[in-house]
Amino acid sequence: MHDRPLDGAVALVTGASSGIGAATARRLAREGAAVALVARRRDRLDQVASDIAKLGGEAVAVAADITEPGRADDVVQETLDRFGRLDVLVNNAGIMLLNPALHTTVEEWDRMIALNVAALLHVTHAAVPHLIYAASTSPRQVADLVNVSSTAGRAARPGSSVYALTKSGLNAFAESLRQELLSERVRVSVVEPGAVDTELVNHVSDTTRDAARRQIDGIEALRPEDVADAISYIVTRERRVAVNEMLVRAGDQTW
Ligand code: NDP
């Protein structure tokens with residue numbers, strides 16, 4: 001087989017049991033990476049792992065709710081135990097519960113913050129030292145931390161207040177981290193997709209699910225593979241390409 005850009009690299013993808021995360025895991029495996037697949041539904045992770053194995057790739061299913069105390073550290077450690085290193089972290093797991101403030105519960109807001117913000121920070125904190133080490137030891141001379149944000153982080157709409165807060169907060173966090181880690185050769189990137197046809201809208205609360213579904217059906221939504229393409233584009237660049245200087249948006253703007 002020809003050399004592939006991610007041969008010898010190890011990737012961890014959160015939210016890999018469906019949608020963008022599953023497509024990204026398959027895509028990075030095709031580029032040569034061994035992939036740790038993280039999400040709660042083990043059967044779905046096993047399916048993605050078996051798809052990857054059928055294509056000659058390597059993947060391990062790490063079933064975990066990363067909002068539970070300690071689990072973010074565990075998933076990074078399990079990746080290291082299995083594959084010995086970590087070159088690429090894709091912070092993708094996220095939920096979107098849309099509702100106007102008057103019709104939501106504070107528990108819905110807490111759920112989004114627990115996953116989209118707190119768990120993402122915990123996984124990142126556990127992973128960064130290993131990404132720095134990977135960048136210093138890999139023939140690629142670089143490691144990647146890719147964050148899946150959303151156009152909602154820049155263009156909030158009624159009903160999306162806290163979802164937008166989690167994504168605009170992620171953008172700010174990633175930009176600061178990008179500057180901190182430049183000298184360590186860890187590229188920190190953000191992808192901001194527009195609407196993508198995934199199961200995400202199934203978790204939208206009852207009052208707005210139909211409207212969200214109509215929105216997805218009524219427009220030319222991206223496919224999860226489109227976002228996987230963008231992520232693959234970022235992490236397969238050679239070191240000299242300053243992808244970390246670039247904002248990648250998939251959706252209403254091309255990347
Ligand atoms: P999906 O619902 O298909 O994927 C969400 C993933 O997160 C699933 O794999 C789910 O797996 C996982 N997940 C949910 N809760 C947890 C948890 N507590 N611990 C671990 N994993 C969890 O939706 P998408 O693929 O669309 O979403 C992926 C990302 O893309 C999200 O961050 C979303 O905000 C973002 N995005 C999506 C857009 C869209 O239009 N679809 C647009 C812009 C951004 P499981 O249930 O097995 O745990």
Side-chain angles (χ1 to χ4, degrees), residues 12-27 35-49 61-72 74-76 78 90-98 108 110-123 146-157 160 162-171 173-174 190-204 208-209 211-228 230-231 248-253 255:
L12 188 166
V13 180
T14 68
S17 61
S18 62
I20 295 167
T24 300
R26 289 192 184 93
R27 181 61 197 264
V35 189
L37 311 165
V38 175
R40 292 166 303 177
R41 288 169 294 177
R42 175 170 285 285
D43 54 330
R44 299 284 295 263
L45 294 176
D46 286 341
Q47 185 58 53
V48 178
V62 181
D65 179 342
I66 55 175
T67 65
E68 287 178 359
R71 293 302 279 145
D74 293 346
V75 299
V76 172
E78 284 176 44
V90 182
N91 278 326
N92 164 76
I95 43 171
M96 176 179 76
L97 305 169
L98 300 179
E108 283 192 342
D110 284 347
R111 278 181 61 203
M112 282 188 281
I113 291 187
L115 182 62
N116 302 9
V117 178
L120 181 147
L121 299 185
H122 296 165
V123 175
V146 183
N147 299 284
V148 180
S149 183
S150 165
T151 50
R154 290 173 193 273
R157 296 196 176 87
S160 76
V162 172
Y163 181 68
L165 177 154
T166 67
K167 295 303 188 180
S168 61
L170 170 56
N171 293 351
F173 169 70
V190 178
V191 290
E192 300 179 47
V196 189
D197 192 3
T198 68
E199 296 172 17
L200 193 78
V201 292
N202 297 344
H203 308 294
V204 167
T208 47
R209 185 182 304 134
R213 189 74 252 172
R214 275 199 304 277
Q215 195 197 344
I216 292 271
D217 291 342
I219 59 171
E220 186 94 3
L222 294 163
R223 297 164 308 136
E225 291 75 19
D226 298 324
V227 186
I231 294 172
V248 176
R249 303 187 67 182
D252 56 344
Q253 203 167 299
W255 47 274

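Just follow the structure's listing: the first ligand is 1, and inside any ligand the first atom is 1.
- Between N116 atom CG and N147 atom CG the span is 12.0 Å, to the nearest 0.5 Å.
- Per-residue contacts place S18 under 4.0 angstrom from the following atoms of ligand 1 (heavy atoms of the residue considered): 1 (P), 3 (O), 4 (O), 8 (C), 9 (O).
- Atoms of ligand 1 lying under 4.0 Å from any heavy atom of R41, numbered from 1 in the order shown and given with element: 11 (O), 45 (P), 46 (O), 47 (O).
- Atoms of ligand 1 lying under 4.0 Å from at least one heavy atom of G19, given by number and element, are 3 (O), 25 (O).
- Residue contact check: A93 has heavy atoms under 4.0 Å from atoms 7 (O), 21 (N), 32 (O) of ligand 1.
- Not a single heavy atom of T14 lies less than 4.0 angstrom from ligand 1.
- Each of the atoms 40 (O) of ligand 1 lies under 4.0 Å from some heavy atom of A195.
- Side-chain atoms of L170 and V190, non-hydrogen and from C-beta on, never get closer than 4.5 Å to each other.
- The side-chain heavy atoms of R41 and S18, taken from C-beta on, include a pair separated by under 4.5 Å.
- Under a 3.5 Å cut-off, the side chain of N92 and the backbone N or O of G15 do form a donor-acceptor pair.
- Remark: side-chain polar atoms of K167 are paired, donor with acceptor, to backbone N or O of V148 under 3.5 angstrom.
- For D65, heavy-atom contacts with ligand 1 shorter than 4.0 Å involve the backbone as well as the side chain.
- Set against the non-hydrogen atoms of A16, the atoms of ligand 1 under 4.0 Å away are 9 (O).
- Applying the salt bridge (Lys or Arg N to Asp or Glu O under 4.0 Å) test to every pair with at least one member in residues 17-26, sequence neighbours left out, gives these pairs: R26-D51.
- Here the side chains of I113 and V162 are in contact, with some heavy-atom distance below 4.5 Å.
- Some N or O of I66 is nearer than 3.5 Å to an N or O of ligand 1, by distance alone.
- Side-chain contact check for R111 versus I95: some heavy-atom pair is nearer than 4.5 Å.
- For D110, the salt bridge (charged side-chain N to carboxylate O under 4.0 Å, His left out) criterion is met by no residue, not counting sequence neighbours.
- Residue A39 has no N or O atom closer than 3.5 Å to an N or O atom of ligand 1.
- Only the side chain of L115 comes within 4.0 Å of ligand 1, judged by heavy-atom distances.
- With a 4.0 Å cut-off on non-hydrogen atoms, A152 does not touch ligand 1 at all.
- No heavy atom of A221 sits closer than 4.0 Å to any atom of ligand 1.
- A distance of 9.0 Å separates CD in E225 from OG1 in T24, rounded to the nearest 0.5 Å.
- Per-residue contacts place A64 under 4.0 angstrom from the following atoms of ligand 1 (heavy atoms of the residue considered): 19 (N), 20 (C).
- For the pair I20 and ligand 1, the shortest N or O to N or O distance falls below 3.5 Å.
- Heavy-atom proximity to G194, at under 4.0 Å, picks out these atoms of ligand 1: 40 (O), 42 (C), 43 (C).
- Below 3.5 Å of separation, one finds no N or O of P193 facing any N or O of ligand 1.
- Distance alone, capped at 3.5 Å, places no donor-acceptor pair between the S149 side chain and the N171 backbone.
- Of the heavy atoms in E192, none comes closer than 4.0 Å to ligand 1.
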